[in-house]
Every structure is written in C-alpha cells, then in structure tokens.
Amino acid sequence: MSVSERPTIVLFTRDLRVRDHPALAAAARVGGPVVPLFVLDRAVRERSARNRLSYLGDALRDLREELRRLGGDLVVRSGDTVDETMRVAAATGAARVHLSFDVSAFAARRAERLREAAADRRMEVAEFPGVTVVPPGEAVPTGGDHYKVFTPYWRAWESREWRAPERAPKRLELPSGLDAGSVPKRLADSGTGPLSPRRQSGGETEARRRMAAWLDADCADYEHTHDDLAADATSRLSADLRFGCLSPLELALAAREHPACGPFVRQLAWRDFHHQVCAAFPDLAHRDYRERDIAWRSDDSGFAAWCEGRTGVPVVDAGMRQLLDEGFMHNRARLITAAFLTKRLRVHWKRGGDHFHAVLSDGDIADNYGNWQWVAGTGNDTRPNRSFNLLRQSRRFDPDGAYIRRHVPELAEAAGTEVHAPWRAEQPPTGYPSPLLDEDG
DNA sequence: GCAAGATTGTC
DNA sequence: ACAATCTTG
C-alpha cells in the first residue's frame, strides 16, 4: 500500500456534522480512504446527562445518514476512545488521525494520550478548528496567554479575520471490509440525571432547520426579546452548538449578515470567550478561577429544594422546573437561579454547576462552569459582588407572570402581583412552599 | 486625604 | 443605564 492510499481516521467527538468540518474536509483532501469514527467512550457514557445521551443518539444516527449520502459511513465503537481508535488504525493501516481541537481537561488528556499512542505506531495526529468561531489561542492579549475580561476579547474577536467555512466533502471512500458497528438504541438508559419529557431532539439536519428558521425570523428581535422569560425568544441552538451539529462559524457568519443580529453574535463571542478561558484554565469546572474567600454553606435541604424547584421563590422555581421538564432553561432564568443558589443560599457554585450539568442538553464544560463562576463572583466578572434583586428581576423579565404560571402550576391562578411573591398574598396558595429568603428580594 | 470626574465593563 | 474602580486636581 502506498502512503497516499493509507486511510485517514476522522475521530468525531462533539463536532457531529459534515458541513464546515475542517478535520473531515482536510481528510477528504488527502485523497485516500477516510474512516469517520465515533467512539462511545465508557467514561463519557456513564457520566453524561441522560438528556445529552438522548441528543447524542439522534446526532449519531443523523451523522451516519449524512456520511452514507457521501459514499462513506460512520464507524461506531464502544470502549476507551484512544484504545478503540488505535484498534481501528491497526485494522485499516491508517496513516493519520484528524480531530477537532477541544478545551476541557478531559479533551486535553484524550488528545495527549492519542498523540502518545499514535507516535508508537508512527501515525500523525492533527487537530483542527471548528468547535468555536475563533480558535482558543488565536486571539491573545499582549502580555498574557488568554483574555480574562470579556470586552477586550469581544473587540479582538470581532475585528479579526475568520477562517473560510469548509464545504461538506463531495465524496468519501471507506476502506473495504470494515465493520461499521451500530449506534446503540437505548443510549439514555445509562448516564446521570433525569430524562426530561420535553427534551430537545438533535442532529445536523434538525439543527440546520432550527438555524434557518432562527436567522429567517426571530434573530432580528433578539435585542429586545432575549430577556423576556415568557416570550422564549432565544435561539435554542445551544445544544446544537454543544454537539457541533452546527458550525459556530457558519452561524456567526450568517448572523453577521443581519445588522439587527449583532447582540446575538455577541453571545456567540461569549461562548468563545469561555472556551479560551477553559483552554488556559482547564480546572474551570473544579476550582475558583479567581480565589475568593467566600463562606459557603452546606445547606443540603436548601440545595435539594432548589434542585426540585421548591424554594418558594416563584421565578427561581419556574426556572428549575423548566430545566427538569425540558433539559433546557432560559438564559435569564439561569442567571437568576444561579444567583439565588450562590448569593442567597450561599451554596457552592460547583454543586449548582453539577446539577445543571446533569440535566442540560446543552451542558458544556466551558460555558456552564464559566457562567456559574461568573455569577458566583469567582470567575471572569469584573464586578464580583454583583447582586441580583430577585423580585425586581422577576417583575422585570416576567411582568405578567406567564413564565411562572407555565412552569409552576400551583401558581397558575395567582393574581397579577402575587405571582411573584405569593407569601405576601392574603391567602397564600396551598401546596406551594414558603420562601427560602431571609428578607424580601 | 478627598471628592469630582473619567473610565471601564456589562450575561 | 449604571455602579465600581481608577485618575486627577
């Protein structure tokens, strides 16, 4: 076999698409056979949220169809990602492995192990962009390894030239005699957290439909409606981005075409911002980014009430119940519920972040824990003592209480002003807990 | 040492 | 729109 005929393995991780996939596009350009491979890692399978495993199953089935349309297939294995990749490499005589660069501690360790194992077999490992719009490490401040403050990052992010998006390969050739394996049917039987009844389904095909509808209609109103809890007028593309069913670059380029979508593009920069923080500080999910002397409390019963959406503070409970019901929470509600747990109950951000991570379909290490630390005051906020007035937030972002009523049925009949603070009503609603607050607001 | 004023950063 | 922090007289 000549060198050019030796296959390239494209190791898919959370970049489950064929369009604008630099690692796949580069593999197709090499010219020989391509082995699109996904390894269902045992550790990932046991630790992931059921809601994400459910989305993952959808995404893998869709990716397989897309690859088959191109003449290839998705090769699926289970076990340890590096071991299984090397097994496929041995069976096919692959010369190189392509994968997308990713930032979590888990991803960094996986890439490191992959490089070591590949070196033993004289194979190349090449990492490609695609998980973020601007790759971590490409926008770097003078005199530092990463941006610690969002606004300077935003300026650098916005003004730099982005790479050109890649087309899906025209045609893929799979090495012959390779067992493709199957996508497990009941992926969400393992994993942690609930399987939410209204969780989002996924995959590139569906994600692209959602993206087109968003850009076509609602993105232009984003600036004025994104904080309206009841309007539910955010993109809902977070899980699609989390699994890479959408290219964040393609989305950002398309959104940038509409002047009114500026504020939405800025949110995509926040996503990149947290990724470049995580790349430089991989312990983001475990340790204070900035060490603060905060007197955390254990408050197990308060934490349990928060998880269940039974704190007695309607806007908090509405958010927490939306999370359980949908595997998703409105961004504004994420800020409110996280502020309640860390600032009011004084429960450590790590416990809140872990709960979110066990439920969210879009649960992403960099975004989730970066935002939790931001709210808790240990992260990248320049104003770490920021405080949320919960009642003001509730009245401002859910003025007629429609969000609360939608998610907290005990309050469905509550009067206009009482829906935000039912403990003030002459007759507080039955079956709804009294608030875990030491003072109003 | 202090207050007015400028700057900074914003989820 | 606004508050925390930094600069200046």
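Everything numeric in this text was worked out from a predicted model, so none of it was measured. By convention in this document, chain letters (A, B, ...) are assigned in the order of the sequence lines, proteins followed by strands, and residues within each chain are numbered from 1.
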Looking at DNA chain B, which of residues 261-271 of chain A put a heavy atom within less than 4.0 Å of it? A:Gln267, A:Trp270
Can you tell me how far P of C:dA4 sits from CZ of A:Arg386, to the nearest Å? 10 Å
Separation of atom CG in A:Leu335 from atom C1' in B:dT10, rounded to whole Å: 12 Å
Whole angstroms only, please: what is the CZ-P distance between A:Phe388 and C:dC2? 16 Å
Assign the ring pair A:His146 / A:Tyr289 to parallel, tilted or perpendicular, where the plane angle (0 to 90°) is split at 30° and 60°. perpendicular
Classify the nucleic acid contact of A:Val149 as base, sugar-phosphate or nothing, counting any heavy atom under 4.0 Å across all strands shown. sugar-phosphate
Does a donor on one side chain and an acceptor on the other come within less than 3.5 Å for A:Ser196 and A:Asp325? no
Using atom NE2 of A:His226 as one end and atom P of B:dT10 as the other, report the distance to the nearest whole Å. 15 Å
CZ-SG distance between A:Arg19 and A:Cys245, expressed to the nearest 0.5 angstrom: 11.0 Å
Any side-chain N or O of A:Thr151 under 4.0 Å from OP1/OP2 of B:dT10? yes
Heavy-atom side-chain contact between A:Leu345 and A:Phe303 under 4.5 Å: no
In terms of the angle between their ring planes, are A:Trp214 and A:Tyr222 parallel, tilted or perpendicular, with boundaries placed at 30° and 60°? perpendicular
Separation of A:Arg396 atom CZ from C:dA1 atom P, in whole Å? 11 Å
Rounded to whole angstroms, how far apart are CG on A:Asp381 and P on C:dA3? 15 Å
To the nearest angstrom, the CZ-C1' distance between A:Arg155 and B:dT7 comes to 11 Å
Between A:Arg351 and A:Trp372, is NZ or CZ placed under 6.0 angstrom from the six-membered ring centre and within 45° of the ring axis? no
Grab the CG-C1' distance between A:Asn389 and C:dA3 for me, whole Å please. 15 Å
